[in-house]
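See structure below.
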Amino acid sequence: MNFNEFEKECLEAHNQYRAKHGSRPLVLDRGICNYAKEWAEVLARGNIFQHRSNNRYGENLYMSVGGASVNGSDPVINWYAEIKDYDFLSGGEFSAKTGHFTQVVWKDSQRLGVAMAKSGNRIYIVANYDPPGNYSGRYSANVLPAKRSRSNWLKTYSEQKMATVKRTVVIKKVPAGGGAPNQPRPKPITISQADFEKGCLEAHNKFRAMHGTPPLSINPNLTQVASKWAQSLAQRQKMEHSPNGKFGENIYYSSGQQVMPDMPAKMWYDEIAKYDFAKAQFNPYTGHFTQLIWRDTKQVGVAYAMAGEKVWVVANYDPPGNVNGMFRENVPPKN
């Protein structure tokens with residue numbers, strides 16, 4: 001079966017990285033390529049950037065803005081770069097910061113479909129994987145460390161293991177008030193939904209004030225929308241945007257730590273480091289930041305959902321931000 005140059009370049013880039021981690025090479029599948037093409041064209045027509053709902057495959061997304069040409073290796077290089085944030089020693093777990101990387105090298109995935117669609121100066125790329133990756137509890141068997149010389153590996157492993165032991169000792173210390181050292185870890189959020197939402201709102205408005213955009217207020221209807229989607233993500237153990245495009249949306253995920261109300265807004269705001277105020281245009285790596293301070297947005301609703309030590313936080317915004325052609329007046333630099 002014939003495949004175009006872009007598809008073959010993307011496959012080759014995947015397999016070069018997979019070989020480093022001892023994962024079998026993928027093969028291109030025309031049916032999966034067609035499936036990826038369908039969604040890439042939906043994204044291009046709607047000028048949106050979100051995962052496909054009810055997806056039968058694993059999925060990675062990439063978008064380029066500015067009209068520069070994109071070859072098949074570009075998205076894969078970008079996805080694989082997330083390896084810097086992945087913790088191999090802990091046995092691995094899903095993270096929004098590393099989910100593209102783990103899908104690229106996921107050992108059990110066998111077939112790849114990839115496609116590109118264009119809209120103006122934007123290029124959308126969708127990659128689908130079969131069987132899909134990023135299954136909870138299966139990371140240690142599917143996301144192996146990159147191969148290296150045994151001496152370098154042992155040195156690195158020894159250094160990291162020492163750091164891990166130090167962290168474990170702190171975690172297992174008996175608190176001053178007493179208690180068994182093996183007692184269950186506390187819930188990641190212990191305050192009410194209402195108090196969490198209030199704290200998150202305060203964090204939003206602190207950052208917005210730094211850019212001279214007016215404060216947001218809470219809309220209970222938006223809170224209900226956010227709560228419904230947060231619960232859906234927690235139940236399905238997923239990290240993806242809602243298919244309902246009526247409102248703006250930011251998503252936050254955490255595992256194994258205490259989550260405070262200001263943490264989601266802080267993480268979203270930190271994307272400012274990658275935002276180009278001179279170009280003033282959408283960038284998938286700064287979309288949370290631009291929505292957070294978007295001048296025309298007036299209201300927000302925030303909710304969280306938990307599954308064990310995992311937390312999903314969803315914020316919905318009205319009117320939505322990230323509207324093409326309106327970035328310059330809505331995303332001003334710091335005062």
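Throughout, numbering of the chain's residues begins at 1 and tracks the sequence. Quick caveat, the model's predicted, so the values are computed rather than measured.
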- prompt: For Phe247, what are the other residues in its hydrophobic cluster, where any two members join if their side-chain heavy atoms are less than 4.5 angstrom apart?
  reply: Leu222, Val225
- prompt: Do you know the tightest heavy-atom contact between Gly248 and Pro320?
  reply: N-CB, 3.2 Å
message: For the NZ atom on Lys37, are there more than 12 heavy atoms of other groups (residues, nucleotides or ligands in this structure) within a distance under 6.0 Å?
response: yes
Considering all heavy atoms, the nearest Asn128-Asn55 contact: ND2-ND2, 3.6 Å
query: Side chains of Arg122 and Asn324: is there a donor and an acceptor less than 3.5 Å apart?
result: yes
task: Without swapping roles, check the side chain of Trp268 against the backbone of Ile251 for a donor-acceptor pair under 3.5 Å.
output: yes
- request: Determine, step by step, whether Tyr62 and Val114 satisfy the side chain to side chain contact (heavy atoms under 4.5 Å, CB included) criterion, reporting the C-alpha distance in whole Å, the side-chain angles of both residues, the deciding distance to 0.1 Å, and the verdict.
  value: CA-CA 11 Å; Tyr62 177 87; Val114 63; over 6 Å; no
- prompt: Hey, is the main chain of Gly212 close enough, under 3.5 Å, to the side chain of Arg295 for a donor-acceptor pair?
  reply: yes
query: What distance do Lys97 atom NZ and Thr102 atom OG1 have between them, rounded to the nearest 0.5 Å?
result: 14.5 Å
field: Test: Glu309 and Lys187 ion pair at under 4.0 Å
entry: no
message: Counting only heavy atoms from other residues, nucleotides and ligands, does the tally under 6.0 Å from NZ of Lys84 exceed 12?
response: yes
message: So that I can tick it off, tell me whether Lys246 and Asp318 are bridged by a salt bridge, with the cut-off set at under 4.0 angstrom between side-chain N and carboxylate O.
response: no
query: Does a sphere of radius 6.0 Å around NZ in Lys298 hold more than 12 heavy atoms from other residues, nucleotides or ligands, not counting ones at 6.0 Å or beyond?
result: yes
- request: Output every pair passing ring-ring contact (aromatic ring centres under 6.0 Å, His included) with a member in residues 211-236, not counting sequence neighbours, ordered by first then second residue.
  value: His211-Tyr269, His211-Phe289
- prompt: Just by distance, with hydrogens left out, do Glu12 and Ser73 show a side-chain donor and acceptor under 3.5 Å apart?
  reply: no
- prompt: Would Val126 and Glu59 satisfy side chain to side chain contact (heavy atoms under 4.5 Å, CB included), going step by step from the backbone distance to the final call?
  reply: CA-CA 7 Å; Val126 177; Glu59 184 176 81; 3.8 Å; yes
query: Are side-chain N/O atoms of Lys310 and Gln237 paired as donor and acceptor at under 3.5 Å?
result: yes
- request: Taking Arg328 for its side chain and Ala278 for its backbone only, find out whether a donor-acceptor pair lies under 3.5 Å.
  value: yes
- prompt: How close do Leu144 and Phe88 get, heavy atom to heavy atom, and via which atoms?
  reply: O-CE2, 3.4 Å
field: Glu7/Arg30 ion pair, N-O < 4.0 Å
entry: yes
query: Do other residues, nucleotides or ligands put more than 12 heavy atoms under 6.0 Å from Met326 CE?
result: yes
task: Take Leu61 and Ile125, measure what side chain to side chain contact (heavy atoms under 4.5 Å, CB included) needs, and give me the verdict at the end.
output: CA-CA 6 Å; Leu61 302 180; Ile125 294 170; over 6 Å; no
task: Answer yes or no: is there a donor N or O on one side and an acceptor on the other, between the side chain of Thr297 and the main chain of Pro319, under 3.5 Å?
output: yes
message: Using a 3.5 Å distance criterion without hydrogens, assess whether the side chain of Asp195 forms a donor-acceptor pair with backbone atoms of Ser192.
response: no
- prompt: Are Leu201 and Val311 connected in the hydrophobic side-chain network, where two residues link if heavy atoms are under 4.5 Å apart?
  reply: yes
Under 3.5 Å: donor-acceptor pair, side chain of Asn316, backbone of Gly301: no
message: Are Tyr135 and Asn142 packed together at the side-chain level, in the sense that at least one heavy-atom pair is separated by less than 4.5 angstrom?
response: no
message: Quick check against the 3.5 Å criterion: does Asp29 have a side-chain atom that pairs as donor or acceptor with the backbone of Arg111?
response: no
- request: Could you verify whether a donor N or O on one side chain and an acceptor N or O on the other, from Ser227 and Gln193, lie under 3.5 Å apart?
  value: no
message: Does any part of the side chain of Arg52, heavy atoms only, come nearer than 4.5 Å to the side chain of Tyr35, both counted from C-beta?
response: yes
- request: Kindly determine whether Glu249 and Val314 satisfy side chain to side chain contact (heavy atoms under 4.5 Å, CB included), including the steps that lead there.
  value: CA-CA 7 Å; Glu249 185 175 79; Val314 176; 3.9 Å; yes
Heavy-atom side-chain proximity of Leu216 to Gln299 below 4.5 angstrom: no
field: Any Tyr275 side-chain heavy atom under 4.5 Å of Gln281 side chain
entry: no
message: I want to check something: taking the side chain as every heavy atom from C-beta on, are His21 and Ile83 in contact at a cut-off of under 4.5 Å?
response: yes
message: Please report the interatomic distance NE2(His51) to OG(Ser242), rounded to the nearest 0.5 Å.
response: 13.5 Å
- request: Report yes or no: does Arg208 contribute a side-chain atom to a donor-acceptor pair with the main-chain N or O of Leu292 at less than 3.5 Å?
  value: yes
Closest contact, heavy atoms only, Glu197 versus Val302: OE2-N, 3.0 Å
message: Does Trp312 form a ring pair (Phe, Tyr, Trp, His ring centres under 6.0 Å) with Tyr253? I'd like the steps, not just the answer.
response: CA-CA 5 Å; Trp312 287 260; Tyr253 169 85; 5.1 Å; yes
message: Suppose the criterion is ring-ring contact (aromatic ring centres under 6.0 Å, His included): which pairs have a residue in residues 104-129, not counting sequence neighbours?
response: His14-Tyr129, Trp106-Tyr139
query: Mind checking whether Phe6 and Leu28 sit in one hydrophobic cluster, side chains of I, L, V, M, F, W, Y counted as touching below 4.5 Å?
result: yes
- prompt: Taking side chain as C-beta onward, heavy atoms only, is Ile272 less than 4.5 Å from Lys334?
  reply: yes
task: Identify the heavy atoms of Ala36 and Gly113 that sit nearest to each other, and give their distance.
output: CB-O, 4.0 Å
- prompt: So, Thr98 and Asp85: side-chain donor and acceptor under 3.5 Å apart, yes or no?
  reply: no
- prompt: Ring centres of Tyr17 and Trp79 under 6.0 Å apart?
  reply: no
- prompt: Is the backbone N or O of Asn219 less than 3.5 Å from a side-chain atom of Thr223, with the two atoms forming a donor-acceptor pair by type?
  reply: yes
message: Please give me the minimum heavy-atom distance between Ala115 and Cys33, naming the atom from each residue.
response: CB-O, 3.9 Å
- prompt: With a 4.5 Å heavy-atom cut-off, do Asn335 and Met210 have their side chains touching?
  reply: no
- line: From the list Arg236, Gln235, Lys228, side chain to side chain donor-acceptor pair (under 3.5 Å) partner of Ser232 resolves to Arg236
- request: Examine distances only and state if a side-chain atom of Glu82 and a backbone atom of Phe101 form a donor-acceptor pair shorter than 3.5 Å.
  value: yes
- request: For the residue pair Leu233 and Glu240, establish whether any side-chain heavy-atom pair is separated by less than 4.5 Å.
  value: yes
